[in-house]
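What follows is a short report on a single structure.
None of the values given here were measured: they were computed from a predicted structure. We name chains A, B, ... by the order of the sequence lines, and we start the count at 1 in each one. The basis for the numbers below is simple: all heavy atoms, side chains too, and nothing from hydrogens, waters or symmetry mates.
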There are 2 protein chains.
Amino acid sequence: MADTRPARRRILDTAGILFYAEGIRAVGIDRIIAESAVAKATFYHHFPSKDDLVAAYVQERIDQQQVAIAALPEREPLEMLHLIFTKMGEIGASPSFRGCPFINAAAEHPNPAHPVRLVIDRYRSWFHAMMLHYLTEARHPDPERTADLLMILRDGLAVGGQLDNPAALTAVVDVALDRLLVGVR
Amino acid sequence: MADTRPARRRILDTAGILFYAEGIRAVGIDRIIAESAVAKATFYHHFPSKDDLVAAYVQERIDQQQVAIAALPEREPLEMLHLIFTKMGEIGASPSFRGCPFINAAAEHPNPAHPVRLVIDRYRSWFHAMMLHYLTEARHPDPERTADLLMILRDGLAVGGQLDNPAALTAVVDVALDRLLVGVR
DNA sequence: CCGACACTAGACAGACCTGTCTGGTACTGT
DNA sequence: ACAGTACCAGACAGGTCTGTCTAGTGTCGG
């Protein structure tokens, strides 16, 4: 019955669930320690401060998303964009969805120079570059500005999935993408 | 030199600044009391709990936005949409912009049944209805879905203004709107 | 067999949190 | 003149927060 995952893994798993579901400031270290069945000294051995854990939590979500995207089947560039955004719509419509973890984390960390914000910045640069890559490969006539628009679509889908009727979102993902890619296809 | 604004007004003004700039959980009652130069009993007389203050804060932001939109000059429906979104782009690019207060507040209140979330829901319904209204007036061929898209644009602009280079946003607002309104104009 | 290392259990400090309560002042309308 | 109301000052309670510290256990490579 003993949990055999190493302590650091248990901490990150617990933090991943609690931070996402309840918010970062709302979840105290004591609770993470209790629910991951770890000694306090062990926790502070792996993460010298709560901020370090938060940064690791955000980074892990980034890794997961990058792995998921790398696992998509290889298709034509425009098809890839459709795959990515359709997937996003599905995730946004799933019942466990509580918004984009990066947008939510940023809302709790207003200082743009905070380590957590820097991690988020890197993620956003990566995502934007990916959009630009597919658009350029597809010989889109206006790849830079269109990449900006797809970034807006990404954020809008994430927020809408959290605050509006998520089912309605999946219905408009394709339309949104087609209209923003106007002229191509 | 005495501050002549009534206590409730001072509290709301202080809370408006601090909650928006630093986050809701990050700002304690004691600090709001100190900075608005109010006695603790007075505070709890006007706002029985912090949640009540938070709800009033969000509601006040809504009121301000609705007043600002009502103050726009009257134009053709499509022109109105351009006015609204251009204004949003400008606000998002201003240096004091720290993201959409509603999206940020929602990130700190994950429970959709929380009073603050209900206030936000009302705001979003109002905004969506306004989009639908202008689209219908403009005889857009697909007003419902397009209103959903404009909601996505709204959220995407707000998040982008907070997390990306805000100047870049103003440059794409018009393009975004034109592409999402495809077919009209 | 031993030293290094990851880990456990939990007390403790000091700050900060929300909310209550007491007691007193000043202005306002009647 | 008097009641009501709005306000001020600040102590207090009880909880939670992050982070430190002591002291001991189990395991594993060499």
Side-chain angles (χ1 to χ4, degrees), chain A residues 1-58 104-105 107-111 114-117 119, chain B residues 1-58 104-105 107-111 114-117 119:
Chain A
M1 283 295 97
D3 194 337
T4 57
R5 288 169 301 166
R8 184 187 165 89
R9 187 66 263 140
R10 294 204 306 274
I11 294 169
L12 277 171
D13 289 347
T14 307
I17 293 168
L18 294 182
F19 282 162
Y20 183 63
E22 305 187 20
I24 291 168
R25 273 198 120 94
V27 176
I29 294 292
D30 280 345
R31 189 153 157 232
I32 292 174
I33 285 170
E35 296 200 18
S36 50
V38 145
K40 204 157 194 177
T42 305
F43 174 87
Y44 279 100
H45 167 71
H46 288 291
F47 304 99
S49 78
K50 185 181 179 178
D51 268 2
D52 291 297
L53 173 63
V54 175
Y57 151 69
V58 172
N104 289 348
E108 295 201 67
H109 295 86
N111 177 4
H114 189 285
V116 169
R117 286 290 294 270
V119 174
Chain B
M1 283 298 97
D3 193 338
T4 57
R5 288 169 302 166
R8 185 188 163 88
R9 186 69 263 141
R10 294 204 306 276
I11 294 168
L12 277 170
D13 288 348
T14 308
I17 294 167
L18 294 181
F19 282 162
Y20 183 64
E22 305 187 19
I24 291 168
R25 275 199 118 95
V27 176
I29 295 292
D30 280 344
R31 186 149 160 237
I32 292 175
I33 285 169
E35 297 201 17
S36 50
V38 144
K40 206 158 194 177
T42 304
F43 174 87
Y44 278 101
H45 167 72
H46 288 291
F47 304 99
S49 78
K50 184 180 178 179
D51 268 1
D52 291 298
L53 173 62
V54 175
Y57 152 69
V58 172
N104 290 348
E108 295 201 68
H109 295 87
N111 177 5
H114 189 285
V116 169
R117 287 289 294 270
V119 174

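A:Gly23 and B:Pro110 get closest at one heavy-atom pair: N-CG, 4.4 Å.
Rounded to whole Å, atom P of C:dA6 lies 17 Å from atom CZ of A:Phe43. Rounding to whole angstrom units, CD1 of residue A:Ile33 and P of D:dG19 are separated by 10 Å. In this structure, B:Phe47 places its CZ atom 15 Å from P of C:dT18, rounding to the nearest Å. As a whole-Å value, the separation of B:Arg31 CZ from C:dG19 C1' is 20 Å. The interatomic distance linking A:Tyr44 (OH) with C:dC5 (P) rounds to 23 Å, in whole Å. In this structure, A:Ile24 places its CD1 atom 12 Å from P of D:dT18, rounding to the nearest Å. Here C:dT18 presents its P atom at 5 Å from CD1 of B:Ile29, a figure rounded to the nearest Å.
Applying the side-chain contact (heavy atoms from CB on, under 4.5 Å) criterion to A:Asp52, with sequence neighbours excluded, gives A:Phe47, A:Pro48, A:Ser49. For A:Val27, the side-chain contact (heavy atoms from CB on, under 4.5 Å) test picks out A:Leu18, A:Phe19, A:Glu22, A:Arg31, A:Ile32, with sequence neighbours left out. Residues meeting the salt bridge (charged side-chain N to carboxylate O under 4.0 Å, His left out) test with B:Arg8, sequence neighbours left out: none. Under the side-chain contact (heavy atoms from CB on, under 4.5 Å) criterion, B:Arg25 pairs with A:Arg25, A:Ala26, B:Glu108, not counting sequence neighbours. In terms of the side chain to side chain donor-acceptor pair (under 3.5 Å) criterion, B:His109 has no residue partners (sequence neighbours excluded). In terms of the side chain to side chain donor-acceptor pair (under 3.5 Å) criterion, A:Asn111 has no residue partners (sequence neighbours excluded). Residues passing the side-chain contact (heavy atoms from CB on, under 4.5 Å) test with A:Tyr44, sequence neighbours excluded: A:Ile29, A:Lys40.
Note that CZ of B:Arg10 is 12.0 Å distant from CD1 of B:Ile33, once rounded to the nearest 0.5 Å. Going from atom CD1 of B:Ile17 over to atom OH of B:Tyr57 covers 11.0 Å, rounded to the nearest 0.5 Å.
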### Query
Going through the distances and angles, do A:Leu12 and A:Arg9 end up as a side chain to side chain contact (heavy atoms under 4.5 Å, CB included)?
CA-CA 5 Å; A:Leu12 277 171; A:Arg9 187 66 263 140; 3.7 Å; yes

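Near DNA chain D, meaning a heavy atom under 4.0 Å away, the residues from residues 50-58 of chain A are A:Lys50. Of the residues in residues 15-22 of chain B, not one places a heavy atom less than 4.0 Å from an atom of DNA chain C.
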### Task
Quick one, give me the B/S/- string for nucleotides 5-16 of chain D, reading 5' to 3', where B means a protein heavy atom under 4.0 Å from the base and S means that only happens at the primed atoms, P, OP1 or OP2.
--SBBBB-----

